[in-house]
Amino acid sequence: MTEVSFAKSFLGALDSRPVKLSPDHVEDPKSYAPRGAYILPKMLKPMTKRKAAPIPGQERSLTVFVKSLRNPPLDVKLSSQTPNTSVLDIKTAVSQDTGIPVEKMKLLFKKKPTPDSKVLKDLVGEDETSAEFSVMVMGGAAAMKTPPPAQAEVAQGQSGKEVLDTKEFWDDLRGFLLQRIRDEKTAGDLTDTFQAAWKAKA
């Protein structure tokens with residue numbers, strides 16, 4: 001019975017209230033129930049200021065040192081490396097400088113092996129400007145400087161149309177055709193045809 005009377009009184013109170021508030025309705029702050037001050041809890045870690053993203057083309061550069069005191073002794077310096085430079089890129093640069101195959105090298109950072117997929121920004125702090133690696137050479141590969149490519153010697157002597165008037169040129173052509181065709185008669189006929197065509201044109 002008590003529940004029924006409560007429901008009737010509650011519904012009567014709802015009926016006495018307006019269905020909706022007027023557009024210019026303003027609640028009186030004095031009618032609010034008093035509340036105590038709410039204090040935010042303290043954060044366990046202080047908030048750090050978020051650093052602005054670097055402008056493209058103005059990323060910081062790192063200097064990488066690759067050293068080894070064992071045989072073969074190495075001391076390689078790589079300048080202007082971006083934070084996205086991978087360990088594999090470093091090994092490739094060292095290989096080009098020393099001649100040691102990439103697969104024979106293992107780089108260590110702070111005495112721990114580093115996989116090829118790691119990049120410099122994963123290893124060094126944001127304020128650091130250099131990184132030092134030690135290198136282990138597998139299988140006793142010797143560090144040899146890659147010799148510079150030999151420049152092709154420029155042939156001396158006659159050139160141009162003067163060469164076509166020499167017997168040596170046509171003999172060389174006959175030998176080349178004989179080597180490719182492997183038929184002496186056919187090679188001779190082709191050489192004579194080429195020579196006759198050239199003389200007719202000249």
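- A salt bridge links Arg174 with Asp192: the distance from a Lys NZ or Arg NE/NH1/NH2 to an Asp or Glu carboxylate oxygen falls below 4.0 Å.
- Inter-residue side-chain proximity for Val135 and Lys67 is flagged as unmet; no heavy-atom pair is nearer than 4.5 Å.
- Among all heavy-atom pairs drawn from Val66 and Ile90, the shortest one is CG2-CG2, 3.9 Å.
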Would you list the atom pairs, donor with acceptor, under 3.5 Å between side chains in residues 107-122 and any protein atom, with sequence neighbours excluded?
residue, atom, partner, partner atom, Å
Thr114, OG1, Leu107, O, 3.1
Asp116, OD1, Lys91, NZ, 3.1
Lys121, NZ, Asn84, OD1, 3.1

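- Within the structure, the ring-ring contact (aromatic ring centres under 6.0 Å, His included) test picks out no pair touching residues 73-92 (sequence neighbours left out).
- Of the possible donor and acceptor atoms, none in the side chain of Thr85 sits under 3.5 Å from a partner among the backbone N and O of Gln81.
- The CG atom of Asp171 sits 11.0 Å away from the CZ atom of Phe169 when rounded to the nearest 0.5 Å.
- Looking at heavy atoms from C-beta onward, Met105 lies out of side-chain contact with Met136 at the 4.5 angstrom threshold.
- Residues Ser130 and Val124 approach most closely at O-CG1, 4.1 Å, considering heavy atoms.
- A side chain to side chain contact (heavy atoms under 4.5 Å, CB included) with Leu190 is found for one member of Asp183, Leu177, Leu178 and no other, namely Leu177.
- Counting heavy atoms from C-beta on, the side chains of Val64 and Phe133 come closer than 4.5 Å.
- Between Leu74 and Ile100 there is a side-chain heavy-atom pair separated by less than 4.5 Å.
- Atom-to-atom distance recorded for Leu78:CG and Gln96:CD is 10.0 Å, nearest 0.5 angstrom.
- Phe194 is not listed as a side-chain neighbour of Thr191, based on a closest heavy-atom distance of 4.5 Å or more.
- Under the 3.5 Å distance criterion, the side-chain polar atoms of Gln179 are left unmatched by any main-chain donor or acceptor of Phe176.
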